[in-house]
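Everything on this sheet refers to the single structure shown next.
The chains referred to below are lettered A, B, ... by the order of the sequence lines, with proteins before strands, and numbering in each begins at 1.
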There are 2 protein chains.
Amino acid sequence: MSAADTRNMIVEVADRLFYENGYEHTSFADIAARVKISRGNFYYHFKTKDEILAAVIERRLSDRGTMLLQWELDAPDPLARITCFIKILITNQTKIMAYGCPVGTLSSELAKLNHPLSGEAVKLFTLFRDWLTQQFEAGGCGPQSGEFALHILSRSQGAAMLANAYRDPAFVQREVDEMCEWCAKRLTRTS
Amino acid sequence: MSAADTRNMIVEVADRLFYENGYEHTSFADIAARVKISRGNFYYHFKTKDEILAAVIERRLSDRGTMLLQWELDAPDPLARITCFIKILITNQTKIMAYGCPVGTLSSELAKLNHPLSGEAVKLFTLFRDWLTQQFEAGGCGPQSGEFALHILSRSQGAAMLANAYRDPAFVQREVDEMCEWCAKRLTRTS
DNA sequence: GACTCATTAGGACAGTTGTCCTATTTCTGA
DNA sequence: TCAGAAATAGGACAACTGTCCTAATGAGTC
């Protein structure tokens with residue numbers, strides 16, 4: 001197997017384990033066991049655990065980036081696109097209820113650890129923040145767009161947090177609906 | 001020193017360290033160093049780390065419980081009381097920006113660890129949830145009170161999450177103001 | 001087939017973890 | 001004052017952590 005394949009496999013598995021069990025709670029041994037390579041072999045691909053984390057964050061940034069681009073192709077207007085974002089809460093409901101939001105929980109964990117890559121994790125937030133801002137701007141919200149973006153981001157995070165705590169689908173649905181309504185009121189329809 | 005005093009000291013220090021550095025990232029040694037007792041002496045007061053966690057959660061439940069009671073004494077009507085809740089985001093702004101919400105981050109960490117006391121941590125949410133529900137009921141929101149309570153809890157969590165990520169006081173202030181406004185619209189004033 | 005270089009396996013290493021035991025000290029009550 | 005209990009100190013213990021080294025294996029080229 002090529003080194004790139006193995007590396008990708010490591011990052012993929014680490015991505016999942018960091019999400020499901022947390023960064024600190026995931027050990028080299030855990031990852032190695034699932035990738036089915038020896039523990040020592042890690043050193044060939046990644047010198048430190050932080051390097052894996054950096055690769056995982058990069059991977060998530062890339063994943064979410066293409067997801068956002070896809071929404072721009074799939075959805076005709078800004079409101080529909082923002083709706084796509086809000087509805088991840090429902091699309092990924094099962095995982096969010098079990099593990100919370102992948103962006104929020106990582107950012108919060110790294111902040112507590114005072115981890116040097118804490119700022120990198122926040123870039124995941126910023127990716128969505130900037131994209132949402134663009135959509136609100138395109139929807140005619142003008143200089144308020146940035147604040148609207150943060151607002152929706154914030155409410156999504158809150159919904160994900162409580163979804164994880166209470167695992168109540170009805171609550172998630174309500175919050176999603178209200179957020180969509182909130183956006184609909186503020187966006188001029190173009191289609 | 002009496003055993004109760006030492007025990008309280010341990011729980012107090014553990015409470016702070018669990019909040020600032022996370023439960024898993026805090027070791028017996030860390031706590032012992034700050035309480036200035038020997039590591040081995042822990043075993044006399046707590047058999048396991050989980051027992052400390054249980055005591056910390058109990059302490060937080062009690063702390064927050066008396067805080068809620070105090071608000072009922074200080075604030076004249078339900079709107080003013082709910083406003084007290086919302087404004088913790090500003091009162092504890094510095095700590096929330098540095099470490100997030102003590103309730104949310106603990107609940108989320110324990111969920112990821114699949115920790116047996118995960119449910120106990122959620123009780124902290126429920127404490128606020130039930131209290132908020134009572135306030136909305138007292139404010140005349142009727143059967144919607146429970147949903148309103150969850151909604152405000154959710155938005156507070158989102159605001160705390162992004163406050164931690166971006167450390168932007170203006171954002172926090174905006175969210176607080178909007179939440180207060182949202183509540184004011186739905187509560188009948190009694191004073 | 002022999003040589004080279006990329007990839008892997010296996011284990012060494014020191015440090016830390018939670019847990020637990022046993023002496024020693026400190027305090028208390030008769 | 002002194003016995004007994006309460007509280008503490010110090011360290012043992014195996015398990016695990018991230019890091020790092022070295023030897024073996026693999027594939028592809030001359």
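Following rounding to the nearest Å, Ile31(A) (CD1) and dT17(D) (P) show an atom-to-atom distance of 11 Å. Atom-to-atom, NE2 of His45(B) to C1' of dG18(C) comes out at 17 Å; the value is rounded to the nearest Å. Rounded to a whole Å, the NZ atom of Lys49(B) is 20 Å from the P atom of dA15(D). Here dC21(D) presents its C1' atom at 17 Å from CZ of Phe42(A), a figure rounded to the nearest Å. dT8(C) atom C1' lies 11 Å from atom CD1 of Ile10(A), rounded to whole Å. Whole-Å rounding puts the Asp5(B) CG to dC27(C) C1' distance at 14 Å.
Taking side-chain N and O atoms only, Tyr44(A) has a distance below 4.0 Å to OP1 or OP2 of dT7(C). OP1 or OP2 of dT19(C) has not a single side-chain nitrogen or oxygen of Tyr43(B) nearer than 4.0 Å. Taking only side-chain nitrogens and oxygens, Thr48(A) never comes nearer than 4.0 Å to OP1 or OP2 of dG18(D). OP1 or OP2 of dT8(D) lies within a sub-4.0 Å distance of a side-chain N or O belonging to Thr6(B).
Nearest to the side-chain atoms of Ser38(A) among the listed nucleotides dA9(C), dG18(C), dT8(D) stands dA9(C). Nearest nucleotide to the side chain of Asn41(B), out of dG18(D), dG18(C), dT8(D): dT8(D). Looking at the side chain of Phe28(A), the nearest of the listed nucleotides dT17(D), dA12(D), dG18(D) is dG18(D).
For the pair Lys123(A) and Phe125(A), the cation-pi criterion (under 6.0 Å, within 45° of the ring axis) is not fulfilled.
Taking all atoms of both residues into account, the shortest heavy-atom contact from Leu110(B) to Ala121(B) is CD1-CB, 3.8 Å. Smallest separation of non-hydrogen atoms from Phe46(B) and Glu51(B): CA-OE1, 3.7 Å.
Side-chain atoms of Tyr19(A) come within 3.5 Å of backbone atoms of Lys95(A) as a donor-acceptor pair (strictly under, hydrogens ignored).
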